[in-house]
**Student:** 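So that we are looking at the same thing, I have put the structure below in structure tokens.
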Amino acid sequence: MQQIQVPRKPDHNGTDIGGDHEFQRISLRLLDLSDIDDFMVWATDEKVTRFCTWEPYTSREEGMNFINDKVIPHPWFRAICLGDRPIGAISVTANSGNDRCRGELGYVLGSKYWGKGIATQAVKMVAKTIFKDWPQLERLEALVDVENVGSQRVLEKGGFQREGVLRKYFLLKGKSRDMVIFSLLSTDSQS
Ligand SMILES: CC(C)(COP(=O)(O)OP(=O)(O)OC[C@H]1O[C@@H](n2cnc3c(N)ncnc32)[C@H](O)[C@@H]1OP(=O)(O)O)[C@@H](O)C(=O)NCCC(=O)NCCS
């Protein structure tokens with residue numbers, strides 16, 4: 001399990017990530033069915049799903065099916081945890097064949113925890129690990145809606161390079177969207 005200390009930052013939502021210490025620790029670990037209650041916190045939140053391809057989950061059963069069918073068999077899916085409790089998730093989806101030199105990064109975080117630098121730290125942790133875990137990977141990429149400025153900033157702070165805008169690239173909830181493409185190469189320097 002990877003761990004990193006997250007400096008506390010002023011909270012945009014007026015909530016606290018808890019604890020009396022100056023630092024809070026996040027870690028990445030596998031997510032399983034016993035995490036369903038924590039998973040449902042972000043999976044049912046409309047603020048979280050705004051730029052995601054999926055709608056907020058409406059039942060625990062739907063969440064259990066997702067964990068069983070998609071998360072557990074996924075080649076690289078990790079819960080972002082505070083203590084041992086998942087507050088979000090981050091994944092790298094592998095390509096195969098002639099595309100196997102690249103993989104796509106995705107992440108979500110419960111809205112109560114936004115604005116504290118947690119997603120940035122999680123992205124940096126993945127960037128440090130994934131090229132070692134998957135030696136065939138040369139490029140980690142991420143596609144972000146042009147209006148999702150928070151996510152774009154996370155990638156910039158995580159050392160990704162903004163490559164450009166792919167116009168009308170993607171259907172999001174029935175509407176074609178312009179997407180910003182970011183990449184990090186295995187040879188890029190990482191702080
Ligand atoms: C996008 C998301 C992961 C950001 O997580 P986060 O932990 O709040 O991000 P961080 O705290 O690491 O923020 C990194 C930077 O982005 C900025 N930022 C974060 N959210 C922002 C927003 N909504 N608007 C403007 N800036 C924002 C922060 O201020 C920070 O910049 P700074 O250090 O220069 O001040 C989170 O909002 C989320 O889960 N959103 C829903 C799911 C999603 O959109 N996933 C990405 C799909 S591509």
Side-chain angles (χ1 to χ4, degrees), residues 2-18 23-28 31 35 38-57 63 66 70-71 74 76-83 85-93 102-128 130 139-166 169-173 175-184 190-191:
Q2 293 173 282
Q3 293 196 324
I4 199 160
Q5 289 190 322
V6 180
R8 291 184 80 165
K9 295 179 72 178
D11 185 301
H12 296 168
N13 302 321
T15 53
D16 195 309
I17 56 178
F23 292 95
Q24 291 295 318
R25 186 167 284 218
I26 66 160
S27 57
L28 304 183
L31 183 94
D35 296 312
D38 292 319
F39 171 85
M40 291 302 283
V41 173
W42 74 80
T44 55
D45 184 342
E46 276 180 11
K47 291 197 285 292
V48 170
T49 63
R50 179 175 167 211
F51 292 111
C52 299
T53 48
W54 41 283
E55 298 290 352
Y57 283 35
F66 176 76
K70 304 286 185 204
V71 173
H74 196 288
W76 213 100
F77 188 107
R78 300 288 184 270
I80 302 170
C81 296
L82 255 189
R85 296 199 67 167
I87 57 167
I90 189 158
S91 65
V92 180
T93 303
R102 65 183 155 94
E104 186 172 343
L105 179 69
Y107 42 82
V108 286
L109 189 67
S111 56
K112 180 178 166 188
Y113 301 97
W114 290 1
K116 300 171 189 298
I118 292 176
T120 302
Q121 293 298 335
V123 165
K124 287 183 175 177
M125 289 164 83
V126 173
K128 280 206 164 78
I130 196 69
R139 171 188 165 95
L140 184 58
E141 64 185 16
L143 284 160
V144 185
D145 193 287
V146 284
E147 288 182 18
N148 193 351
V149 287
S151 185
Q152 291 171 45
R153 187 82 187 109
V154 165
L155 292 164
E156 281 163 2
K157 293 190 81 181
F160 281 63
Q161 192 168 316
R162 183 187 170 103
E163 295 182 322
V165 174
L166 302 167
Y169 188 72
F170 186 77
L171 279 178
L172 180 71
K173 294 166 183 165
K175 287 193 179 150
S176 61
R177 306 289 306 170
D178 294 350
M179 303 294 287
V180 187
I181 185 157
F182 287 86
S183 73
L184 180 75
Q190 288 173 43
S191 55

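In each ligand, atom 1 is the first atom listed, and ligand 1 is the first ligand listed. Computed over heavy atoms, backbone and side chain alike; hydrogens, waters and symmetry mates excluded.
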**Student:** What atoms of ligand 1 come within less than 4.0 Å of a heavy atom belonging to Gly115?
**Tutor:** 6 (P), 8 (O), 11 (O)
**Student:** Could you check which of Ile90, Val154, Val180, Thr120 puts a non-hydrogen atom nearest to atom 4 (C) of ligand 1?
**Tutor:**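 Shortest heavy-atom distance from atom 4 (C) of ligand 1: Val154.
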**Student:** Met125 vs Ile26, test: side chain to side chain contact (heavy atoms under 4.5 Å, CB included). Steps then yes/no.
**Tutor:** CA-CA 10 Å; Met125 289 164 83; Ile26 66 160; 4.0 Å; yes
**Student:** Walk me through whether Phe170 and Asp145 qualify under side chain to side chain contact (heavy atoms under 4.5 Å, CB included).
**Tutor:** CA-CA 9 Å; Phe170 186 77; Asp145 193 287; over 6 Å; no
**Student:** Under 3.5 Å between some N or O of ligand 1 and some N or O of Phe51?
**Tutor:**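 Checking ligand 1 against Phe51, no N or O pair falls under 3.5 Å apart.
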**Student:** Of Tyr107, Tyr113, Trp114, Phe182, which has the heavy atom at the shortest distance from atom 3 (C) of ligand 1?
**Tutor:** Tyr107
**Student:** Before giving the answer on side chain to side chain contact (heavy atoms under 4.5 Å, CB included), spell out for Leu155 and Leu105 the whole-Å C-alpha distance, their side-chain angles and the decisive distance to 0.1 Å.
**Tutor:** CA-CA 10 Å; Leu155 292 164; Leu105 179 69; 4.0 Å; yes
**Student:** Can you name the atoms of ligand 1, numbered from 1 with element, that are less than 4.0 Å from a heavy atom of Ala119?
**Tutor:** 3 (C), 4 (C), 5 (O), 6 (P), 7 (O), 9 (O), 12 (O)
**Student:** Have a look at Val48, Asn148, Ile118 and point out the one with the heavy atom closest to atom 47 (C) of ligand 1.
**Tutor:** Asn148
**Student:** Go through Tyr113 and Leu82 one step at a time and tell me if the side chain to side chain contact (heavy atoms under 4.5 Å, CB included) criterion holds.
**Tutor:** CA-CA 10 Å; Tyr113 301 97; Leu82 255 189; 3.8 Å; yes
**Student:** At a 4.0 Å threshold, what atoms of ligand 1 neighbour a non-hydrogen atom of Val108?
**Tutor:** 39 (O), 42 (C)
**Student:** Pull out every atom of ligand 1 sitting under 4.0 Å from any heavy atom of Val149, numbered as shown with elements.
**Tutor:**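 Under 4.0 Å from Val149, ligand 1 has these atoms: 24 (N), 25 (C).
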**Student:** State whether the shortest distance between N or O atoms of Lys157 and N or O atoms of ligand 1 falls below 3.5 angstrom.
**Tutor:** yes
**Student:** Which atom pair, heavy atoms only, marks the closest approach of Val108 to Cys52?
**Tutor:** CG1-SG, 4.0 Å
**Student:** Taking all atoms of both residues into account, what is the closest heavy-atom pair of Val123 and Gly158, and its distance?
**Tutor:** CG1-CA, 4.3 Å
**Student:** Can you list the atoms of ligand 1 that are under 4.0 Å from a heavy atom of Lys116?
**Tutor:** 11 (O)
**Student:** Do the side chains of Val126 and Trp76 get nearer than 4.5 Å, heavy atoms only?
**Tutor:**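 Heavy-atom side-chain distance check passes, below 4.5 Å.
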**Student:** Any nitrogen or oxygen of Val144 lying under 3.5 Å from a nitrogen or oxygen in ligand 1? Just yes or no.
**Tutor:** no
**Student:** So which heavy atom on Thr44 is nearest to which on Tyr57, and how close?
**Tutor:**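 Heavy-atom minimum between the residues: CG2-O, 3.2 Å.
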